[in-house]
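Here is the structure we will look at, set down as structure tokens.
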Amino acid sequence: MESILEPGGPSSRRKLLIIEDNELNRKLLAELLEDSYEVMTAVNGEEGLKLLGENYRDISAILLDVSMPICDGFQFLDRIRDDVMLSSVPVIVITGSNRPEDEVRCLELGAVDFIRKPYNVRIVKGKINSVIKLRESAIVLSALEYDELTGLYIRQAFFHHAKTLMRVKKDQKFHVVVADVKNFKWINSTYGEKTGDQVLAYLGEAYKSQVHSGMVARYGGDQFVAIVYGDLNFGKDKVEAAIRKIAEQAPISNLSVNYGIYENVDKTLPLTLICDRAFLAMKSIQNDYEHSFAFYDEEMGRKHIRDRMMENEFDEAIRNEEFVVYLQPKYNVVTEEIAGAEALVRWKKKDGSMVSPGEFIPLYEKDGLIVRLDEYVFNKVCEIQKTLIRSGKKLIPISVNLSRASIHYENMILRYVHIVEENGIPFSAVPIELTETAALYNVQIKELTEKMVNAGFELHMDDFGSGYSSMTSLNQLPFDTLKLDKSLIDYIENPRGKEVIRHTIALAHSLGMQVLAEGVETASQVNILRELSCDEIQGFYYSRPVSWEEFCTDFIGK
């Protein structure tokens, strides 16, 4: 137990483990080899697994019989191959079988060589010596198991020892805590990598000093994991005090770390899944600057399962055209005639149920599926416009949202140009909307937006005022229309709010841009926007988003 909880250097003594159920063969092998090695013996695979788990640091090689009544050689190899610590010990199979399929199966399960019965002393020793050269030295094995910078276990070693700890302390409650340093890349770039290393080494030592009944590991990069046992107090005040103490004594000021806590874990689950649950809790506050720790709960688990289901159902939903385009009209402020529409996506499943965009869009933005969804919606809108042209109805521009991920997707512009040309519609029929955060100015964005404009697309800046508005973006990027976010419109009847909007509209007009106000809900807001010379309005005052069929019936031609 002490060796598990307190990582230390392994012994340099060489040992062999012989696993053989036949007593005569077992004794014969032991006598042949005990002059060169310390020999351990086991009468079956089950006993061998126990000895290996306790002595894997010292064992240089294993001689394994295939045919045994309790846990045979095949089962032994199968049980150790997923454990990086145990499978690091080379296994030589000893067998009287000449069947090639047995040899192939052993090799597939991780064996490195074979010794045939009856034994030839020179062959046995020669094969063992050759195999031992493959076995890491004590220093290399230590490097495999311990993180050089922090002295903690690495992830794979943590999994191995944590499983052992949970087995030994099976009557105890277990808890897992994970930690992730916020903005670690910024720390490296600002303070230098040497200081970044000092921060990680400090945290490793701090976490180790905090954990008295368990173990800590460096999970990788700037992440740590601890498993602790017992009836421990994870009260809010105690956790906050521990986090505050660690931050105050850190090598740099304002060190921020996010923590995820899975309290009283479900010990029937695989350890990897247990850790995943703690990381789920941590990730739930990744963009939350008010909280530094979160607990895993069942609702979080249900959301995770639901997210995985939505990811798994994506391809089928695309094939079955379950994603449906809804349109929200845009109106001219002066004439109050329809001036265009914005395409919005809804997910209508085969059973008729609807999935909220607030559920699937953030998820698909995170995992990259949004790129395919964006193109799917763009394709549908182009088909809609093609239908309008062929039916002789009035063609109004229908703008399409483009996510940040789609902007940077390889050949995006060429693909979208091809879709427009394939449908035989004018580029002005499908303006592209970029959110303010996606459009934050940089050289790459400037080049991409210029290519879009040169291809023929009109660009709208969406959600202006909802985040960190960039005046540089307005000045440098070729937008045709500026869309005022609802968060600005909500304060339009406040004198200060009205002045902000007045000057924003004036600035946009001076830069040659049209201004559209979104999220407009009242006649009073409409009147003020008319007074301030806003060009277009979009919002519930005129219409909620409607299906394509309803849009054709109620709005086209009006």
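- In this structure, the side-chain contact (heavy atoms from CB on, under 4.5 Å) partners of Ser547, at least two apart in sequence or on a different chain, are Tyr326, Glu549, Glu550.
- Applying the side chain to side chain donor-acceptor pair (under 3.5 Å) test to Arg308 and every residue at least two apart in sequence or in another chain returns His304, Glu311.
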Subject >> From CA spacing to verdict: ring-ring contact (aromatic ring centres under 6.0 Å, His included), Tyr219, Phe158 >> reply: CA-CA 8 Å; Tyr219 202 76; Phe158 169 80; 7.3 Å; no
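- Scored by the side-chain contact (heavy atoms from CB on, under 4.5 Å) test, Arg502 finds Lys498, Glu499, Glu531, Leu532 as partners (sequence neighbours excluded).
- Judged as a salt bridge (charged side-chain N to carboxylate O under 4.0 Å, His left out), and not counting sequence neighbours, Lys283 has no contacts.
- Under the rule for a salt bridge (charged side-chain N to carboxylate O under 4.0 Å, His left out), Glu298 has no partner lying at least two apart in sequence or in another chain.
- Between Glu313 and Lys349 a salt bridge is recorded (basic side-chain N to carboxylate O distance below 4.0 Å).
- Sorted by first and then second residue, the ring-ring contact (aromatic ring centres under 6.0 Å, His included) pairs with a member in residues 230-275 read His175-Phe234, Tyr262-Tyr296; sequence neighbours excluded.
- Applying the salt bridge (charged side-chain N to carboxylate O under 4.0 Å, His left out) criterion to Asp297, with sequence neighbours excluded, gives no partner residue.
- Applying the side-chain contact (heavy atoms from CB on, under 4.5 Å) rule to Ile285 yields the partners Asn258, Asp288, His291, Ala294; only residues at least two apart in sequence or on another chain are considered.
- For Ser524 and Glu493, the side-chain atoms include at least one donor-acceptor pair closer than 3.5 Å.
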**OP:** Would you please test Lys330 and Glu342 for salt bridge (charged side-chain N to carboxylate O under 4.0 Å, His left out) and show each step?
**Re:** CA-CA 7 Å; Lys330 303 173 183 178; Glu342 178 184 1; 5.6 Å; no
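- Here Lys350 pairs with Glu316, Asn320, Glu322 under the side-chain contact (heavy atoms from CB on, under 4.5 Å) rule; sequence neighbours left out.
- Applying the side chain to side chain donor-acceptor pair (under 3.5 Å) rule to Glu248 yields no partners; only residues at least two apart in sequence or on another chain are considered.
- Salt bridge present: Lys236 and Glu240 bring a charged side-chain N and a carboxylate O closer than 4.0 Å.
- Here Lys182 pairs with nothing under the salt bridge (charged side-chain N to carboxylate O under 4.0 Å, His left out) rule; sequence neighbours left out.
- Across all their heavy atoms, Ala278 and Val176 have their closest contact at CB-CG1, 3.9 Å.
- Sorted by first and then second residue, the pairs that involve residues 520-554 and meet ring-ring contact (aromatic ring centres under 6.0 Å, His included), not counting sequence neighbours, are Tyr331-Tyr542, Phe551-Phe555.
- At a threshold of 4.0 Å, the pair Lys486-Asp490 counts as salt-bridged, since one of the basic side-chain nitrogens sits closer than that to a carboxylate oxygen.
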